[in-house]
Amino acid sequence: MTYQNYSLAQLQHIDAAHHLHPFTDHRDLRDAGARMITRAEGPFIYDSEGNEILDGMAGLWCVNVGYGRNELAEAAYRQMKELPYYNSFFRCSTPTPVLLSQRLAEIAPANVNQVFYGSSGSESNDTALRLVRHFWALQGKPQKNRIISRKTAYHGSTIAGASLGGMQGMHDQLYGAVPNIVHVMQPYAYELALPGESDHDFGLRAAKAVEDAILEAGAENVAAFIGEPVMGAGGVRIPPASYWPEIQRICRKHDVLLMLDEVITGYGRTGEWFAAQTFGLEPDTMTTAKALTSGYQPLSALLVGDRIAATLVEKGGEFYHGYTYSGHPVACAVALANLDIIEKEGLVERVKTDTGPYFAKALQERIAGHPLVGEVRSIGLMGAIEIVSDKATKARFEPAGDAAVVVRDHAIANGMMLRATGDTMIMSPPLIWTRATIDMACERILKALDLAHADLTKKAA
Ligand code: PXG
């Protein structure tokens with residue numbers, strides 16, 4: 001490809017003429033012109049104008065081993081030459097998904113040993129939804145099909161993903177959601193805890209909302225609860241320690257399956273291979289994608305617990321579900337090479353014992369005191385900064401969401417890629433970040449906060 005022969009203005013013009021972007025106000029994009037990212041190396045991305053930007057989002061929560069990994073390019077090249085594609089339908093298989101499945105069973109919680117592949121988190125959540133409902137039908141309980149999810153959850157953008165998710169704007173554009181999915185409160189203490197309520201008590205109250213929904217529907221009608229161990233796109237909302245053990249207890253008590261969406265938290269993000277291990281959970285399904293290949297290839301893996309798998313194998317007959325690219329050999333080869341890197345470089349352990357704690361301390365000691373910052377929080381290498389106009393009252397700037405965009409734009413202009421969601425800045429850096437990278441990020445974030453503070457107070461005056 002010879003994009004170098006095109007100027008930025010030309011590429012932006014063609015982009016506007018022919019390319020509809022995801023989650024984008026197209027009028028707004030056409031007015032502004034897209035930033036063109038053209039290459040990347042290690043923790044940095046570079047745009048067409050030569051700007052170097054530290055990637056605080058690991059692409060979109062996925063490039064856990066960083067950019068420019070020859071091992072991954074070579075794994076794809078070798079596999080493409082040997083066997084670029086063959087399917088796993090009709091009693092066929094290919095070696096890379098076979099070996100990847102074994103590897104995933106090794107690193108997953110003990111009760112999780114089977115894998116169903118897709119190409120995206122959304123697809124695998126669709127698989128998960130179909131699988132849990134089919135499980136109960138095979139158990140002779142087809143009416144046990146209601147799913148409990150949470151407001152502001154993100155489970156993808158297909159009709160099933162958006163229906164499972166709890167994003168109001170997405171529901172407004174569904175024009176007919178998948179039926180029998182209900183959404184309860186999210187464990188977001190910063191905004192939802194009552195005055196004087198401890199984190200512990202708030203966590204139990206948020207879990208009780210799930211039990212209330214089960215009792216309201218009747219447990220005999222409830223198939224599963226689905227949740228991201230830590231809400232990602234919703235704003236890195238980290239539940240209190242009391243939340244997940246209570247959710248697990250409630251699910252077991254009412255024989256409701258536990259579906260974890262680990263699309264963001266999987267593959268080392270929270271300092272264990274999976275957040276299920278961080279929180280001590282035994283899920284019935286675990287949706288994973290993104291960092292499975294560090295984003296070098298599109299691939300998702302729905303990890304399936306023994307209870308569902310045994311029923312599917314023994315009572316199932318044919319499960320009428322699957323994708324052309326389920327178990328794509330090239331994507332699976334890249335995933336295997338990616339897991340090799342994570343393991344060889346000890347990245348999961350490093351997040352747990354070194355960079356994760358250092359990141360938490362840096363946010364607390366250097367960022368939390370800034371006048372625009374209401375709270376900082378992190379787990380492993382995912383973190384959030386709440387932007388407020390008044391630290392004491394937690395008041396936000398008007399209109400909602402604009403202040404975080406001001407911070408984000410200053411951050412990018414100063415070489416730091418951050419994401420703004422509502423009034424929350426979120427971060428999910430590659431796991432290759434070192435203490436020095438964290439220091440560099442903090443300096444750039446502080447500078448962006450100072451510049452944004454000047455803008456926002458000038459505007460308010
Ligand atoms: N579940 C979770 C928890 C996710 O974060 C998906 C499912 C869907 O995955 P696919 O591969 O179908 O996109 C995701 C995706 C954001 C952002 O703005 C987050 C995601 C996707 C796009 C944007 O933070 N997460």
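All ligand and atom numbering here is 1-based and tracks the order in the structure.
For the residue pair N180 / R146, a side-chain donor-acceptor distance below 3.5 Å is found, with atom types taken as modelled. Using a 3.5 Å distance cut-off with no hydrogens or angles, the side chains of T324 and Y85 do not pair a donor with an acceptor. Side-chain polar atoms of Y46 and E52 form a donor-acceptor pair below 3.5 angstrom. With hydrogens and angles left out, the side-chain atoms of R237 and T152 include a donor and acceptor closer than 3.5 Å.
Under a cutoff of 6.0 Å and an axis angle of 45°, K394 and Y190 form a cation-pi pair.
Distances below 4.0 Å separate heavy atoms of I264 from the following atoms of ligand 1: 5 (O). Under a 4.0 Å criterion applied to the non-hydrogen atoms of S120, ligand 1 contributes the atoms 11 (O), 12 (O). Atoms of ligand 1 lying under 4.0 Å from at least one heavy atom of E228, given by number and element, are 3 (C). Those atoms of ligand 1 that come under 4.0 Å of a heavy atom in D261, given as number and element, are 1 (N), 2 (C), 3 (C), 7 (C). Atom numbering of ligand 1 starts at 1 in the shown order; those under 4.0 Å from a heavy atom of N125 are 1 (N), 7 (C). Listed by atom number, the atoms of ligand 1 under 4.0 Å from S122 heavy atoms are 8 (C), 9 (O), 10 (P), 12 (O).
Scanning the protein heavy atoms around atom 23 (C) of ligand 1, the nearest turns out to be L60 CD2, 3.6 Å.
Contacts with ligand 1 closer than 4.0 Å are made by no heavy atom of A289, backbone or side chain. By the criterion of a heavy-atom distance under 4.0 Å, neither the backbone nor the side chain of T158 is placed next to ligand 1. Only the backbone of H155 comes within 4.0 Å of ligand 1, judged by heavy-atom distances.
Proximity annotation for atom 25 (N) of ligand 1: of K290, R419, M57, K290 comes nearest, heavy atoms only.
Ligand 1 lies less than 4.0 angstrom from a heavy atom belonging to W61.
The pair E345-R69 meets the salt-bridge criterion, with a side-chain N (NZ, NE, NH1 or NH2) lying under 4.0 Å from an Asp/Glu carboxylate O.
The one candidate from V348, L339, L347, T293 that meets the side-chain contact (heavy atoms from CB on, under 4.5 Å) condition with Y267 is L339.
R130 and Y320 get closest at one heavy-atom pair: NH2-O, 2.9 Å. Among all heavy-atom pairs drawn from L292 and S300, the shortest one is CD2-C, 4.1 Å.
Polar contact with ligand 1: present for G121 (N/O pair, distance under 3.5 Å).
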